[in-house]
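Note on naming: letters A, B, ... go to the chains in the order of the sequence lines (proteins, then strands), and numbering restarts at 1 for each one.
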Number of protein chains: 2
Amino acid sequence: MPKMMSKPTTIEHVNLDVLEDTLSFYIRTMNIAVSRDLDARLDGCDVARGTGKITTLLLVDSHPGIRPSVIAQIIMKDRSAMGRLIEQMIEHDLLRRQTSASERRAQELYVTPKGAELAAVIRPIVTKQSKDFFSFIAEEEQAQVMDILRRAYRKMVGMTGEKRC
Amino acid sequence: MPKMMSKPTTIEHVNLDVLEDTLSFYIRTMNIAVSRDLDARLDGCDVARGTGKITTLLLVDSHPGIRPSVIAQIIMKDRSAMGRLIEQMIEHDLLRRQTSASERRAQELYVTPKGAELAAVIRPIVTKQSKDFFSFIAEEEQAQVMDILRRAYRKMVGMTGEKRC
DNA sequence: AAAAATAGTTGCATTTGTCCACTATTTGCC
DNA sequence: GGCAAATAGTGGACAAATGCAACTATTTTT
């Protein structure tokens, strides 16, 4: 049974009930904040809003010929969402698409010159944004959190870390 | 300039470019996964989908008379989104609302019997879900991450921790 | 050759978020 | 007292994102 508190009118008088000790709460909440901040910094940048565009652009840029379905796994979207995302980016002339010669049901994605340029612009912004946003966490602790979440993420999407093949 | 890798067809051959070392990426991605998992567990539960309903219910349950605007700060929504959320929960007979006597522009929120019941059901589920979901992170590390994110969150929403008044 | 699996597309319904303008009430200032 | 500004909440419009399911095309299995 939670501690009862009454009619709080300011946030200082509030305790978070069981959410206080619930990691998912902090993940979900920080996500809102960090995403909003990122969107603000990328305003007008063709790649703002929603998770996925940035990752997609960077991934295609550094893995020419990568497939939509691989990206989908990485950003945890289903294929239809991924398709729409790519469509959008093609319309914005950031990516181009061609069906794979060896696997004619699959596609290969490539950045356009404009896409490559944007990727170069984006890269430092994204890095800086994350550092800045979490700057009130000590550098060291940031690294700690990242290290743990990275391992979690890897397991989740099935990146083994050791490339076995 | 990122390492170039070509035409990866499986996720093991992919590296995440600068996102590899970007905390915001992991926060955003883990958010998707954890939210999806939570929704699945709460399916049909009147409180599934989207951030906010759970927090709102628990908060009102343990802080009878709390105001919408305070909750809005905590879950980082604007007032209009908050209003809609509450409206929805009132329609589901989870909350009830009355204008404050002392502050006639403000409202006080209370749980209905049904809301209280649901809160009791939800509480252990939410806790368990978070623990389960992150179970591949050692208990100790979970606590570490949570501790850090908690502090970050507090600073962000302006919870001082020390109740000064 | 047929069946199952995989890659991607499309449509639809639901939800969400955001922006902005509007009302009501309270507070502060002259 | 009275007017301006701040605060609490509401409502509407609009743009996006999400998830689901059905559908085509291609490859793999058997």
Side-chain angles (χ1 to χ4, degrees), chain A residues 7-11 28-29 31-33 35-40 42-44 46-56 65-73 75-92 95 97-109, chain B residues 7-11 28-29 31-33 35-40 42-44 46-53 56 65-73 75-92 95 97-109:
Chain A
K7 304 193 188 179
T9 55
T10 71
I11 199 168
R28 283 156 61 94
T29 312
N31 169 64
I32 297 175
S35 297
R36 213 175 281 167
D37 182 71
L38 184 56
D39 281 349
L42 295 174
D43 197 38
D46 241 7
V47 177
R49 310 238 154 255
T51 337
K53 295 197 201 62
I54 295 168
T55 310
T56 301
I66 194 172
R67 297 182 186 178
S69 57
V70 174
I71 303 178
Q73 272 186 276
I75 60 179
M76 307 203 196
K77 299 213 173 197
D78 71 350
R79 290 196 310 276
S80 79
M82 192 68 230
R84 271 184 267 268
L85 197 57
I86 290 172
E87 200 62 42
Q88 201 182 336
M89 295 179 73
I90 290 177
E91 278 166 24
H92 286 327
L95 301 182
R97 170 173 50 184
Q98 71 185 44
T99 60
S100 164
S102 49
E103 267 279 44
R104 308 231 337 272
R105 11 170 217 195
Q107 303 176 343
E108 296 174 352
L109 298 174
Chain B
K7 302 194 188 179
T9 54
T10 71
I11 198 169
R28 281 157 62 95
T29 312
N31 169 64
I32 296 176
S35 296
R36 212 175 282 168
D37 182 71
L38 183 56
D39 281 348
L42 295 174
D43 197 40
D46 242 7
V47 178
R49 309 239 155 256
T51 338
K53 296 197 201 61
T56 301
I66 195 173
R67 296 183 186 176
S69 56
V70 174
I71 304 179
Q73 270 187 278
I75 61 179
M76 308 205 196
K77 300 215 171 195
D78 72 347
R79 289 196 311 275
S80 81
M82 191 69 229
R84 270 185 268 272
L85 198 57
I86 290 173
E87 201 62 43
Q88 202 182 336
M89 295 179 72
I90 289 177
E91 277 166 24
H92 286 328
L95 301 182
R97 169 173 48 184
Q98 70 185 44
T99 60
S100 163
S102 49
E103 267 280 44
R104 306 231 340 272
R105 19 174 206 188
Q107 302 174 344
E108 297 174 351
L109 298 173

Engineer: Using atom CZ of A:Arg67 as one end and atom P of C:dT9 as the other, report the distance to the nearest whole Å.
Structural biologist: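 In whole Å, C:dT9 P and A:Arg67 CZ are 13 Å from each other.
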
Engineer: Whole angstrom is fine here: how far is it from CG in A:Asp39 over to C1' in D:dA17?
Structural biologist: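 Computing the A:Asp39:CG to D:dA17:C1' distance gives 12 Å.
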
Engineer: Using the test side-chain hydrogen bond (donor to acceptor under 3.5 Å, both in side chains), find all partners of A:Ser69 that sit at least two apart in sequence or belong to another chain.
Structural biologist: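 By the side-chain hydrogen bond (donor to acceptor under 3.5 Å, both in side chains) rule, A:Ser69 matches no residue at all.
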
Engineer: Could you state the CD1-C1' distance from B:Ile11 to C:dA7, rounded to the nearest angstrom?
Structural biologist: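 Distance check: B:Ile11 CD1 to C:dA7 C1' gives 16 Å.
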
Engineer: In degrees rounded to 10°, what angle is found between the helical axes fit to the five outermost pairs at each end of the helix from C:dA1-D:dT30 to C:dC30-D:dG1?
Structural biologist: 30°

Engineer: Each nucleotide in nucleotides 23-30 of chain D should get exactly one letter: B, S or -. Can you fill that in based on protein heavy atoms under 4.0 Å?
Structural biologist: ---BB---

Engineer: Using a cut-off of 4.0 Å between protein heavy atoms and nucleotide atoms, how would you tag nucleotides 14-19 of chain C 5' to 3' with B, S and -?
Structural biologist: --SSBB

Engineer: Judged by each residue's nearest nucleotide on DNA chain D, which is more toward the 5′ side, A:Leu85 or B:Met82?
Structural biologist: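 That would be B:Met82.
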
Engineer: Output side-chain donor-acceptor pairs under 3.5 Å for residues 77-86 of chain B, partner residues at least two apart or in another chain, one line each.
Structural biologist:
| residue | atom | partner | partner atom | Å |
| --- | --- | --- | --- | --- |
| B:Lys77 | NZ | B:Thr51 | O | 3.2 |
| B:Asp78 | OD1 | B:Ala81 | N | 3.0 |
| B:Ser80 | OG | B:Arg84 | NH2 | 3.4 |

Engineer: Within the pair B:Ser69 and D:dG9, is there a side-chain N or O less than 4.0 Å away from OP1 or OP2?
Structural biologist: yes

Engineer: Please list, chain by chain and in numerical order, all residues satisfying side-chain hydrogen bond (donor to acceptor under 3.5 Å, both in side chains) with B:Arg104, sequence neighbours excluded.
Structural biologist: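 side-chain hydrogen bond (donor to acceptor under 3.5 Å, both in side chains) list for B:Arg104, sorted by chain: empty.
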
Engineer: Rounded to the Å, how far apart are B:Ile90 CD1 and D:dG11 P?
Structural biologist: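 So the CD1-P distance, B:Ile90 to D:dG11, works out to 11 Å.
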
Engineer: Would you kindly give the CD1-to-P distance between A:Ile75 and D:dA17, to the nearest whole Å?
Structural biologist: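 In whole Å, D:dA17 P and A:Ile75 CD1 are 11 Å from each other.
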
